[in-house]
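Reading through the structure tokens given below for one structure.
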Amino acid sequence: MKMIDVKNLTFQYQRKGKLVLDKLNFACEKGTVNVLIGLNGSGKTTLIKTIAGLLENYQGEVYIDGKSLKELSIKQRAKIMAYVSQRSNAVDDFSVMDYLLFGTVNKMNFYQSPKEDDKNKVLDCANQFRIEHLLDKKLGEISGGERQIVSICGAIVQDADLIILDEPTSALDIKNQHSVLSIIKIIAKEQGKTFILSSHNPNHALYLDSNVFLLKNGSILAQGRAEDIINVETLKSVYGEDICYSTELAYREISFSDYENK
Ligand code: ADP
């Protein structure tokens, strides 16, 4: 079953401007992790924003869980998908707890307020992301990286089937990058959620054992399983001839062992 189905998707910011997405065709099956890889300016954020319903003047079709994106109301979208942009624009004065509780509102009627169950769900998610110590702080009082983790945690609290993350590790130190990626991997496996995310690190796609879409100038140059796509030969077409395997380096790369094995 397809969670995302994109047909002939074309987008340009200005009429008669350059095509930022050029007749894209691809699908993401339910319960899969999908990573967009490509140089700066290749169209990753634009594609993510289009799928999240934030850019409307596109040509072609985007189907989310079998329904045309154009026909989904904002409320229906909030139930089906959660989106985290590169920079959170949430108000600094909100406490982390209140911000995370907003994630539960998509399942309520407008006269309802969060219940004990909702608070427990927030606590569970905060625990999983190891941010319990931030819950009483205001968003304006935490670091950029902590704020990014809080935003991703908020998307998980929303309990949507599709989770869309624009560069979810961009502000994170290597330990937190690994921790967020391992949580994504676990949630996809255990809860059957579908993820689509962009990353600047091809190794993230390998770690996530994901599907990969390699973008160049608004087109998909290659797509498939990370183990088939993330190799020096394929990546050269985007990153150039200098890209190499770490075994060819003069130093040992630092990494983390698998979270699940601990
Ligand atoms: P990526 O996320 O891969 O870095 P983007 O989707 O942000 O790429 O950008 C793709 C292209 O669209 C780039 O050439 C960029 O300059 C252009 N672009 C992005 N946002 C806008 C905008 N709001 N208005 C005009 N052009 C934009």
Side-chain angles (χ1 to χ4, degrees), residues 3-28 32-64 69-70 74 77 81-90 144-145 147-149 151-152 155 162-172 177 180-181 184 194-208 210-224 226 229-232 234-240 242-243:
M3 176 52 84
I4 302 171
D5 195 6
V6 167
K7 293 193 187 298
N8 285 319
L9 175 63
T10 298
F11 182 83
Q12 53 204 134
Y13 283 97
Q14 286 101 13
R15 252 160 52 99
K16 297 187 182 161
K18 74 164 183 168
L19 292 182
V20 175
L21 304 177
D22 191 359
K23 291 203 190 75
L24 298 188
N25 285 288
F26 68 92
C28 303
T32 57
V33 180
N34 303 275
V35 180
L36 306 175
I37 304 272
L39 290 176
N40 291 326
S42 57
K44 303 181 297 297
T45 294
T46 306
L47 176 55
I48 286 222
K49 280 186 176 169
T50 310
I51 292 169
L54 300 173
L55 298 174
E56 291 181 341
N57 291 326
Y58 59 84
Q59 288 162 1
E61 277 297 341
V62 178
Y63 296 97
I64 305 291
L69 184 57
K70 287 181 174 155
I74 290 177
R77 284 182 203 170
M81 60 171 93
Y83 161 71
V84 180
S85 64
Q86 276 182 41
R87 271 172 238 95
S88 145
N89 52 6
R147 200 170 165 124
Q148 191 167 32
I149 300 177
S151 303
I152 298 165
L162 172 60
I163 298 154
I164 305 168
L165 306 170
D166 196 358
E167 286 186 38
T169 56
S170 60
L172 304 184
Q177 286 185 25
V180 163
L181 293 176
I184 290 173
T194 311
F195 285 86
I196 184 162
L197 59 112
S198 54
S199 175
H200 278 300
N201 190 340
N203 297 312
H204 289 176
L206 283 173
Y207 173 72
L208 288 166
S210 69
N211 298 315
V212 172
F213 300 92
L214 186 60
L215 263 76
K216 186 174 185 180
N217 298 332
S219 297
I220 296 177
L221 216 63
Q223 59 178 297
I229 301 289
I230 305 299
N231 57 63
V232 162
T234 308
L235 294 183
K236 271 183 183 168
S237 57
V238 165
Y239 296 99
D242 292 340
I243 196 160

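Quick note: numbers below take in every heavy atom, side chains included, and nothing from hydrogens, waters or symmetry partners. For this chain, numbers begin at 1 and follow the sequence in order. As the structure lists them, so they are numbered: ligands from 1, and atoms in each ligand from 1.
Contact annotation for Leu47 and ligand 1: no heavy atom of the residue comes within less than 4.0 Å of the ligand.
Considering backbone and side-chain atoms together, Gln14 places no N or O closer than 3.5 Å to any N or O of ligand 1. Residue Thr45 has at least one nitrogen or oxygen atom sitting less than 3.5 Å from a nitrogen or oxygen atom of ligand 1, judged on distance alone.
Checking Asp166, Leu55, Thr46 against atom 6 (O) of ligand 1, the nearest heavy atom belongs to Thr46.
The only option from Asn211, Leu181, Ile163, Leu197 that meets the side-chain contact (heavy atoms from CB on, under 4.5 Å) definition with Val33 turns out to be Leu197.
Numbered from 1 in the order shown, with element, the atoms of ligand 1 that lie under 4.0 Å from a heavy atom of Asn40 read 4 (O). The contact set between ligand 1 and Val20, taken as ligand atoms under 4.0 Å from a residue heavy atom, comprises 10 (C), 11 (C), 12 (O).
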Assess whether side-chain contact (heavy atoms from CB on, under 4.5 Å) is satisfied between Asn34 and Thr194, documenting all intermediate values. CA-CA 8 Å; Asn34 303 275; Thr194 311; 4.1 Å; yes
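The closest approach between any non-hydrogen atom of Gly38 and ligand 1 is not below 4.0 Å. Residue contacts with ligand 1: Lys18 is included, with a non-hydrogen atom under 4.0 Å away.
Asn25 places a side-chain N or O within donor-acceptor distance of the main-chain N or O of Asn8, the cut-off being under 3.5 Å.
Phe11 places none of its side-chain heavy atoms less than 4.5 Å from the side chain of Leu24. Leu221 is not listed as a side-chain neighbour of Thr234, based on a closest heavy-atom distance of 4.5 Å or more.
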